[in-house]
Amino acid sequence: MTRVPRGYIARRRRTKMRSFASNFRGAHLRLNRMITQQVKRAFVSSHRDRGRQKRDFRRLWITRINAATRVYKVFDSYSKLIHNLYKKKLILNRKMLAQVAVSNPNNLYTISNKIKIIN
């Protein structure tokens, strides 16, 4: 029987998976079955950690704002600061507030004074 040249679809699929695994080491880089397992696992981890990263950064910003409000005596706590911001319709997200609290606490005073003046 003569040799039948096979198609390119499977090879194209494997090379695509191999391109995703270009930074892996050892068998995870060389063996096709191991490559597919590790690439699938990496995709699952990256998908899961995109949501987790958002949560982690939000927690970090809240912690920074809370520490700054207590240290610099702006308000008693983070929750009171955020409550008064919402009450006075001053729209500042937590990322911006955390940057202000870390880099320039004087601006945190001005924000708190704006809240207190509106009262």
Side-chain angles (χ1 to χ4, degrees):
M1 233 175 156
T2 60
R3 180 181 172 275
V4 177
R6 297 296 303 223
Y8 59 91
I9 294 169
R11 184 173 62 244
R12 189 170 58 187
R13 186 185 69 238
R14 288 189 197 109
T15 54
K16 183 178 178 183
M17 281 299 217
R18 196 171 285 262
S19 71
F20 287 129
S22 62
N23 292 327
F24 296 169
R25 295 172 61 182
H28 298 170
L29 174 67
R30 290 177 183 84
L31 305 178
N32 283 324
R33 189 181 299 170
M34 191 77 79
I35 286 172
T36 55
Q37 290 172 358
Q38 291 302 313
V39 167
K40 285 179 185 176
R41 186 174 179 186
F43 282 152
V44 167
S45 297
S46 67
H47 178 73
R48 180 195 62 223
D49 291 338
R50 275 195 293 274
R52 187 174 288 175
Q53 183 184 30
K54 293 174 181 65
R55 287 194 299 267
D56 289 343
F57 271 108
R58 185 182 167 94
R59 285 178 60 194
L60 175 69
W61 297 330
I62 289 171
T63 305
R64 286 180 175 172
I65 296 167
N66 192 18
T69 54
R70 288 171 190 264
V71 167
Y72 299 116
K73 307 273 193 290
V74 176
F75 276 97
D76 293 337
S77 67
Y78 161 81
S79 60
K80 290 182 181 175
L81 173 68
I82 295 296
H83 174 71
N84 287 322
L85 281 173
Y86 276 106
K87 205 160 62 172
K88 304 304 173 204
K89 296 186 175 110
L90 288 175
I91 300 169
L92 288 172
N93 61 15
R94 286 160 182 84
K95 181 180 180 180
M96 290 170 56
L97 277 174
Q99 284 181 332
V100 167
V102 169
S103 63
N104 197 351
N106 293 333
N107 289 346
L108 200 61
Y109 279 121
T110 58
I111 292 169
S112 68
N113 288 338
K114 286 276 189 191
I115 295 170
K116 291 172 185 172
I117 289 170
I118 298 173
N119 282 339

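Treat the numbers as computed from the prediction; the structure is a model and nothing was measured. Start at 1 with the first residue, then count along the sequence. When reading the values below, keep in mind they use all heavy atoms of this one structure, side chains included, and skip hydrogens, waters and symmetry mates.
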side-chain contact (heavy atoms from CB on, under 4.5 Å) between Thr63 and Leu60, worked out: CA-CA 5 Å; Thr63 305; Leu60 175 69; 5.5 Å; no
What about [X] and [Y], same hydrophobic cluster or not, with Ile/Leu/Val/Met/Phe/Trp/Tyr joined at side-chain heavy-atom distances under 4.5 Å?
{"X": "Phe75", "Y": "Ile62", "value": "yes"}
{"X": "Ile91", "Y": "Tyr86", "value": "no"}
{"X": "Leu92", "Y": "Ile82", "value": "yes"}
{"X": "Val100", "Y": "Leu90", "value": "yes"}
{"X": "Val39", "Y": "Val44", "value": "no"}

Close side-chain approach of Trp61 to Asn93, heavy-atom, < 4.5 Å: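 Counting from C-beta outward, Trp61 and Asn93 never come under 4.5 Å.
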On a heavy-atom basis, which atom in [X] and which in [Y] lie closest, and how many Å separate them?
{"X": "Asn66", "Y": "Tyr78", "result": "OD1-N, 3.2 Å"}
{"X": "Ile35", "Y": "His28", "result": "CG1-O, 3.1 Å"}
{"X": "Lys16", "Y": "Ser19", "result": "O-OG, 2.5 Å"}
{"X": "Tyr72", "Y": "Ala101", "result": "CE1-O, 4.4 Å"}
{"X": "Ser22", "Y": "Leu29", "result": "O-CD1, 3.9 Å"}
{"X": "Leu108", "Y": "Ala68", "result": "CD2-CB, 3.9 Å"}

Atom pair [atom1]/[atom2] of [X] and [Y] - distance to nearest 0.5 Å:
{"X": "Arg13", "Y": "Thr36", "atom1": "CZ", "atom2": "OG1", "value": "9.0 Å"}
{"X": "Ile65", "Y": "Met96", "atom1": "CD1", "atom2": "CE", "value": "10.5 Å"}
{"X": "Ser77", "Y": "His83", "atom1": "OG", "atom2": "NE2", "value": "10.5 Å"}
{"X": "Lys88", "Y": "Lys114", "atom1": "NZ", "atom2": "NZ", "value": "14.0 Å"}
{"X": "Thr69", "Y": "Lys80", "atom1": "OG1", "atom2": "NZ", "value": "10.5 Å"}
{"X": "Asn32", "Y": "Gln37", "atom1": "CG", "atom2": "CD", "value": "11.5 Å"}

More than 12 heavy atoms of other groups within 6.0 Å of Phe57 CZ: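 At most 12 heavy atoms, drawn from other residues, nucleotides or ligands, come within 6.0 Å of this atom.
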Flag if over 12 foreign heavy atoms under 6.0 Å of CZ, Arg25: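 Count not over threshold, so no.
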Among Val74, Asn84, Leu97, side chain to side chain contact (heavy atoms under 4.5 Å, CB included) partner for Ile111: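 Answer to the side chain to side chain contact (heavy atoms under 4.5 Å, CB included) test with Ile111 among Val74, Asn84, Leu97: Leu97.
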